[in-house]
Amino acid sequence: MKILILGGHGFLGKNVVEVFQNSGYEALPISRRDSLDLTNFDATKEYFGKLRPEAIINCAAMVGSLNYVTEEAADVFDCNMRMLVNIYKAALKTSAETVMINPIANCAFPGDLETYTEDSLWKGKIHQSVLAYGNTRRMMAILSECYEMQYGFRSLNFFVPNMYGPHDSTDPNKAHALNALIGKTIKGKRENWDKIEVWGSGIAVREWLYVKDCAAVFLEAVKRLDEYGFPEPINIAKNSGLSIRELVSIIVDEIGFVGKVVWDRKMPDGAPRKVMDDRRFRKVFPHFEFTDFRKGIRKTIEYYDSIFPY
Ligand SMILES: NC(=O)c1ccc[n+]([C@@H]2O[C@H](COP(=O)([O-])OP(=O)(O)OC[C@H]3O[C@@H](n4cnc5c(N)ncnc54)[C@H](OP(=O)(O)O)[C@@H]3O)[C@@H](O)[C@H]2O)c1
């Protein structure tokens, strides 16, 4: 089975490629690095037409830190919307039988919710800090519904919480929060810093997903494409989170950093708790086992240790 992984050299994409290839699939990564700019419709259509994949996993996006997606808001919106409409149109025109798998970042949910249920996507405004990016993620859900409605084109939509794990960008403007913290703490240990600084008071609770678990859910979904229709979006969820304090304490402990942790309380904590409701996930994937958090952190530390200094 041929699976095309758009954005297959990025953080999620690279892990998806590894998980699928290790299970014997022909998983083909593609991005600008391989000379395909998905904002170019003709090039995208030509490429899809040559490959005619059975499934497309859409991990391509213009994304980065909160700062980045705010400072570049207009370009983030423009580039992500162009990619999305091109990807759907090109897939329909060249391989209408393909199934599109969309990881939809949970910043698409209303900013003031504490527990995200799949049906609450439209029950409020996206947080201003992710206005451009979050709204393009919402559009993945709309676009897939429109293509299903008019053409019967199939998509599987998964809402995905913050992830951590190997293969993230090492650019501070692009790296994801938890990975960036691990990288900083490793640096602190290697360079004998006497302290590391963390934003906020550490009380906020967030849900974290080991990136290979996300890829493993996609793998299970692909294996069961004929058995189950996946007609509704599904949270990849545990319905449990960790406070930033707990998180930092595990990271510091696993890395063996002996300096102080200084909490910068001038920086906002954000909402006290944000987790994903897991009822639908458990109905569809009753036996899925998530990686234990400490084990996932250890694997991530091993990865950053192996590429340090970066
Ligand atoms: N990371 C998380 O914690 C998280 C959580 C939930 C959901 N997600 C979702 O997962 C998806 C991937 O996120 P990520 O964190 O893996 O991002 P990432 O590491 O920045 O990867 C994005 C990929 O998109 C490619 N890309 C960007 N612009 C492109 C273009 N014009 N044409 C072709 N390829 C292009 C990039 O490669 P080139 O630069 O080579 O083109 C890169 O491979 C996003 O939809 C994101 O919302 C991520």
Side-chain angles (χ1 to χ4, degrees), residues 4-19 27-48 56-66 68-69 72 75-87 90 100-109 116 126 130 132-141 143-144 155-182 206-215 217-218 233-237 274 276 296 300:
L4 190 54
I5 320 289
L6 309 179
H9 303 291
F11 172 42
L12 175 59
K14 197 159 184 189
N15 284 288
V16 171
V17 168
E18 275 183 13
V19 166
L28 308 164
I30 185 76
S31 72
R32 285 169 300 188
R33 194 190 291 187
D34 315 286
S35 309
L36 177 63
D37 186 340
L38 291 160
T39 61
N40 178 331
F41 175 71
D42 291 334
T44 305
K45 187 175 151 209
E46 192 188 333
Y47 191 85
F48 287 8
I56 299 176
I57 306 186
N58 180 14
C59 305
M62 180 182 179
V63 61
S65 65
L66 286 184
Y68 178 82
V69 296
E72 309 275 326
D75 289 351
V76 162
F77 191 83
D78 181 86
C79 177
N80 283 312
M81 287 313 301
R82 273 174 212 283
M83 279 200 263
L84 278 180
V85 293
N86 285 349
I87 290 165
M100 187 79 69
I101 299 183
N102 291 315
I104 304 183
N106 69 356
C107 64
F109 281 98
Y116 303 136
I126 282 175
V130 283
Y133 189 65
N135 275 296
T136 65
R137 301 306 87 185
R138 278 190 175 182
M139 287 305 122
M140 287 169 119
L143 205 58
S144 57
S155 301
L156 313 183
N157 289 330
F158 290 96
F159 292 119
V160 183
N162 301 311
M163 288 191 282
Y164 69 99
H167 302 313
D168 198 1
S169 169
T170 51
D171 174 348
N173 235 352
K174 294 276 182 99
H176 296 84
L178 208 161
N179 287 337
L181 190 61
I182 289 175
R206 296 288 180 270
E207 181 155 341
W208 302 97
L209 177 67
Y210 187 54
V211 64
K212 290 209 190 292
D213 290 350
C214 183
V217 171
F218 295 164
I234 300 174
N235 285 344
I236 301 185
K274 280 188 185 292
M276 315 266 291
T300 310

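Source: prediction; values computed, not measured. Whatever order the structure lists ligands and atoms in, that order sets their numbers, starting from 1.
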For Asn86 and Thr44, which I'm curious about, is there any donor-acceptor pair between the side chains at under 3.5 Å? no
ask   = Taking the side chain from Arg137 and the backbone from Ile104, do they hold a donor-acceptor pair closer than 3.5 Å?
value = no
Value for CD1 (Ile30) from CD1 (Ile56), rounded to nearest 0.5 Å, stands at 11.5 Å
- Message: Looking at Met62, is its backbone amide N or carbonyl O close enough to the side chain of Asn80 to form a donor-acceptor pair, meaning the two atoms are under 3.5 Å apart?
- Response: yes
- Would you say Asn179's side chain and Gly165's backbone share a donor-acceptor pair under 3.5 angstrom? yes
Under 3.5 Å: N or O atoms of ligand 1 paired with protein N or O:
unit_1, atom_1, unit_2, atom_2, d
ligand 1, 1 (N), His176, NE2, 2.8
ligand 1, 3 (O), Met163, N, 2.9
ligand 1, 15 (O), His176, NE2, 3.2
ligand 1, 16 (O), Phe11, N, 3.4
ligand 1, 16 (O), Leu12, N, 2.8
ligand 1, 19 (O), Phe11, N, 2.8
ligand 1, 24 (O), Ala61, N, 3.2
ligand 1, 28 (N), Arg32, NH2, 3.2
ligand 1, 31 (N), Asp37, OD1, 2.9
ligand 1, 32 (N), Leu38, N, 2.9
ligand 1, 39 (O), Arg32, NH2, 3.0
ligand 1, 40 (O), Ser31, OG, 2.7
ligand 1, 40 (O), Arg33, N, 3.3
ligand 1, 41 (O), Arg32, N, 3.0
ligand 1, 41 (O), Arg32, NE, 2.7
ligand 1, 41 (O), Arg32, NH2, 3.4
ligand 1, 43 (O), Gly7, O, 3.3
ligand 1, 43 (O), Gly10, N, 3.1
ligand 1, 45 (O), Arg137, NH1, 3.0
ligand 1, 47 (O), Tyr133, OH, 2.4

Taking the side chain from Asp34 and the backbone from Leu36, do they hold a donor-acceptor pair closer than 3.5 Å?
no
